[in-house]
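Atoms within a ligand are numbered from 1 in the order they appear, just like the ligands themselves.
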Amino acid sequence: MGVGIEVRRIAASDGPRLREVRLAALADAPGAFWQTFDGEAARPSDDWPRRAARAAAGDAHATFLLERDGEPIGMIDVHQPSMAPEFRELAAMWVAPAVRATGAADLLIEAALGWARSVGAIGVRLWVEVANLAAQRTYRRHGFKQISGPERDHADPAGKSYLSMALPLNPEAAASPTFLGRASAPWTDESG
Ligand SMILES: CC(C)(COP(=O)(O)OP(=O)(O)OC[C@H]1O[C@@H](n2cnc3c(N)ncnc32)[C@H](O)[C@@H]1OP(=O)(O)O)[C@@H](O)C(=O)NCCC(=O)NCCS
């Protein structure tokens with residue numbers, strides 16, 4: 001891991017920084033996300049401070065920024081799915097190409113999982129584009145297993161297909177016969 005690289009939860013004042021890193025992610029990896037660069041770039045400017053403030057505090061939503069010497073070089077978003085509130089869902093993960101395969105992605109995932117545990121979630125789930133093998137390998141290394149898909153996401157303007165993965169956060173959840181069903185409950189959040 002490079003010197004000066006750290007992960008922190010976003011602050012309410014980080015709206016412009018969130019916009020910068022999210023647009024960098026969408027410019028770099030349009031195939032990984034269902035939201036588009038043009039769609040995100042067109043958001044009203046007051047949307048970004050609102051999103052940062054929502055993710056800066058509380059148990060429902062957190063965004064973590066990866067920074068090198070104070071400059072944003074990655075992010076991950078975690079939110080509470082309204083139809084499966086005992087879970088948290090990972091989305092919008094990105095690390096800049098210059099810091100891939102350095103453990104930076106692990107820092108982001110560990111921050112997200114640690115936060116999900118700290119707020120009492122029983123598991124974490126995510127959607128990943130079917131051809132995104134690098135991301136799938138990263139998630140599998142952290143213990144995620146595929147639970148459904150691939151299926152086409154009709155909210156995705158490009159019609160890409162995604163598979164869903166989940167990770168129980170405690171032994172009771174791992175042993176529960178209802179875990180997979182709950183992890184597959186409908187997805188309702190706007191992030192991704
Ligand atoms: C996904 C992402 C955050 C992972 O970051 P990273 O630093 O590359 O992560 P890792 O160091 O864990 O490396 C990824 C793994 O994929 C492997 N990999 C890399 N490119 C690959 C490819 N084209 N095909 C298959 N595996 C690949 C690496 O060898 C590594 O596997 P390993 O753990 O067995 O060694 C980063 O690639 C990224 O930002 N991608 C663009 C955005 C994205 O896809 N986000 C995820 C949305 S769900």
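Taking all heavy atoms of Arg137, Glu129, Arg100 into account, the minimum distance to atom 31 (O) of ligand 1 is reached by Arg137. Of the listed residues (Asp28, Leu108, Ile76, Val95), the one carrying the non-hydrogen atom nearest atom 39 (O) of ligand 1 is Val95. With Thr138, Thr102, Leu26 as candidates, the residue nearest to atom 4 (C) of ligand 1 on a non-hydrogen basis is Thr138. Nearest to atom 42 (C) of ligand 1 by heavy atom, out of Met75, Met93, His142, is Met93.
Within ligand 1, counting atoms from 1 as listed, the ones closer than 4.0 Å to a heavy atom of Ala101 are 6 (P), 7 (O), 8 (O), 11 (O). Of all atoms in ligand 1, listed by their number and element, those nearer than 4.0 Å to a heavy atom of Leu133 are 24 (N), 25 (C). For ligand 1, the atoms closer than 4.0 angstrom to any heavy atom of Trp127 are 48 (S). Below 4.0 Å from some heavy atom of Asn132 lie the following atoms of ligand 1, by number and element: 43 (C), 44 (O), 46 (C). Against a heavy-atom cut-off of under 4.0 Å, Ala135 is close to the following atoms of ligand 1: 1 (C), 46 (C).
Pro44 meets the side chain to side chain contact (heavy atoms under 4.5 Å, CB included) test with Asp46, Asp47; sequence neighbours excluded.
A salt bridge links Asp14 with Arg8; the closest basic N to acidic carboxylate O contact falls under 4.0 Å. Electrostatic pairing of Arg43 and Glu40 counts as a salt bridge here, judged by a charged N lying under 4.0 Å from a carboxylate O.
Residues Met93 and Leu66 form no side-chain contact, since every pair of their non-hydrogen atoms from C-beta on lies 4.5 Å or further apart. The side-chain heavy atoms of Ile5 and Ile73, taken from C-beta on, include a pair separated by under 4.5 Å. Contact of the Val78 side chain with the Leu90 side chain is registered, since non-hydrogen atoms from C-beta on lie closer than 4.5 Å.
By the criterion of a heavy-atom distance under 4.0 Å, neither the backbone nor the side chain of Trp34 is placed next to ligand 1. Residue Arg141 touches ligand 1 through its side chain alone, judged by heavy-atom distances below 4.0 Å. At a heavy-atom cutoff of 4.0 Å, ligand 1 is contacted by the side chain of Ala29 but not by its backbone.
Of the protein's non-hydrogen atoms, Tyr139 OH, 3.2 Å is the one closest to atom 48 (S) of ligand 1. Looking from atom 5 (O) of ligand 1 to the surrounding protein, the closest heavy atom is Ala105 CB, 3.4 Å. At the shortest separation from atom 20 (N) of ligand 1 among protein heavy atoms lies Ala134 CB, 3.6 Å.
Residues Leu163 and Ile147 are members of separate hydrophobic clusters, defined by side-chain heavy-atom contacts under 4.5 angstrom among Ile, Leu, Val, Met, Phe, Trp and Tyr.
At under 3.5 Å, not a single nitrogen or oxygen of Val128, backbone or side chain, sits near a nitrogen or oxygen of ligand 1.
Of the inter-residue distances, the one linking Thr178 atom OG1 with Glu86 atom CD reads 8.0 Å to the nearest 0.5 angstrom.
Ring-plane geometry between Phe179 and Phe87 is classed as tilted, the angle between the planes lying from 30 to 60 degrees on a 0 to 90 degree scale.
Of the residues listed (Trp115, Trp94, Phe64), the one engaging Ile76 in a side chain to side chain contact (heavy atoms under 4.5 Å, CB included) is Phe64, and it is the only one.
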